[in-house]
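First comes the structure, then the notes that go with it.
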Amino acid sequence: ALPVLPSGTTYESEIESESEGGRVVFITGSTGFVGTAVANVLMSHTAKHPHSFRMVRLARRLPEGNNGDTEKIGSWIEGDVAKPQLGLSDELYRELVELLRGGLVVHAAARVHLGLPYLALRENAVGTQQIVQLCREAGCRLVHFSSTDTQELFNPTTRNAPSGYALSKWVAERVVEQSLQAGHFC
């Protein structure tokens with residue numbers, strides 16, 4: 001079963017509680033705006049509590065000068081959330097599932113382009129499906145970031161059609177919502 005954070009919980013407070021037990025925090029979209037901010041919170045916490053947790057970051061391409069070796073507080077994995085098993089080999093994916101048991105996934109990966117249609121950005125929804133599957137297999141908690149307010153997306157009084165990006169984020173939110181309704185989060 002995949003637990004979900006209670007309403008009103010911030011990722012900072014969740015990271016704080018997760019780090020008490022030396023657990024793993026896995027961040028997707030770690031080279032983007034939100035993922036970088038989350039990583040910075042983790043790094044500032046680590047300065048106060050060395051070895052309190054291990055951060056693992058997933059990126060499509062490793063940052064310049066990083067070959068995936070262990071850093072101060074974690075490591076990088078090159079992969080793609082929109083691919084089965086995050087684009088990882090069977091062996092590496094199984095290792096990741098085991099590593100994440102009892103841990104936390106912060107899902108902030110998304111392709112952002114306001115000018116593309118939904119089909120070009122469908123990977124945002126597919127990526128969320130892959131992350132939900134990973135969390136189910138690992139039995140870990142999920143923090144899902146959506147940078148778009150999709151509540152008004154299909155308001156009949158709105159005359160503008162949603163962008164492909166907004167629509168992809170709306171579908172990703174429905175993936176998480178359906179998992180909740182199906183009882184996958186406990």
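If you read the sequence from its start, that first residue is 1, and numbering goes on from there. Heavy-atom basis, side chains included; hydrogens, waters and symmetry copies ignored.
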Problem set entry | Qualifying salt bridge (charged side-chain N to carboxylate O under 4.0 Å, His left out) pairs with a residue from residues 88-98, counting only residues at least two apart or across chains | R94-E137, E98-R101
For this session: Determine which pairs satisfy salt bridge (charged side-chain N to carboxylate O under 4.0 Å, His left out) with at least one residue from residues 27-44, sequence neighbours left out, and list them in order.
Result: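 Qualifying pairs, neighbours excluded: none.
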Atom pair [atom1] ([X]) and [atom2] ([Y]), whose distance is rounded to the nearest 0.5 Å:
X: L142; Y: L134; atom1: CG; atom2: CG; answer: 9.5 Å
X: Q130; Y: C135; atom1: CD; atom2: SG; answer: 11.5 Å
X: Y165; Y: L114; atom1: OH; atom2: CG; answer: 7.5 Å
X: Q129; Y: Q133; atom1: CD; atom2: CD; answer: 10.0 Å
X: W76; Y: I27; atom1: CH2; atom2: CD1; answer: 8.5 Å

Test item: [X] and [Y] side chains (from C-beta on) under 4.5 Å apart, heavy atoms:
X: S163; Y: L167; result: no
X: V106; Y: T28; result: no
X: F26; Y: L96; result: yes
X: T36; Y: V38; result: no
X: V112; Y: F33; result: no
X: E123; Y: K83; result: no

Exercise. Step by step, would you call D80 with L86 a side-chain contact (heavy atoms from CB on, under 4.5 Å)?
Worked result: CA-CA 5 Å; D80 186 341; L86 311 179; over 6 Å; no
For this session: I would like to know whether H107 and V143 meet side-chain contact (heavy atoms from CB on, under 4.5 Å); could you show each step before the answer?
Result: CA-CA 6 Å; H107 179 45; V143 176; over 6 Å; no
Exercise. Judged by modelled atom types alone, do R111 and S168 share a side-chain donor-acceptor pair under 3.5 Å?
Worked result: no
Exercise. Could you walk me through whether V132 and V175 pass the side-chain contact (heavy atoms from CB on, under 4.5 Å) check?
Worked result: CA-CA 8 Å; V132 165; V175 167; 4.2 Å; yes
Restricting to non-hydrogen atoms, name the atom on [X] and the atom on [Y] that form the minimum distance, rounded to 0.1 Å.
X: G79; Y: L88; answer: CA-CD2, 4.3 Å
X: H113; Y: L121; answer: O-CD1, 3.3 Å
X: L92; Y: I77; answer: CD2-CG2, 4.1 Å
X: K169; Y: A109; answer: NZ-O, 4.5 Å

Problem set entry | Path from Y118 to V126 over hydrophobic side-chain contacts below 4.5 Å | no
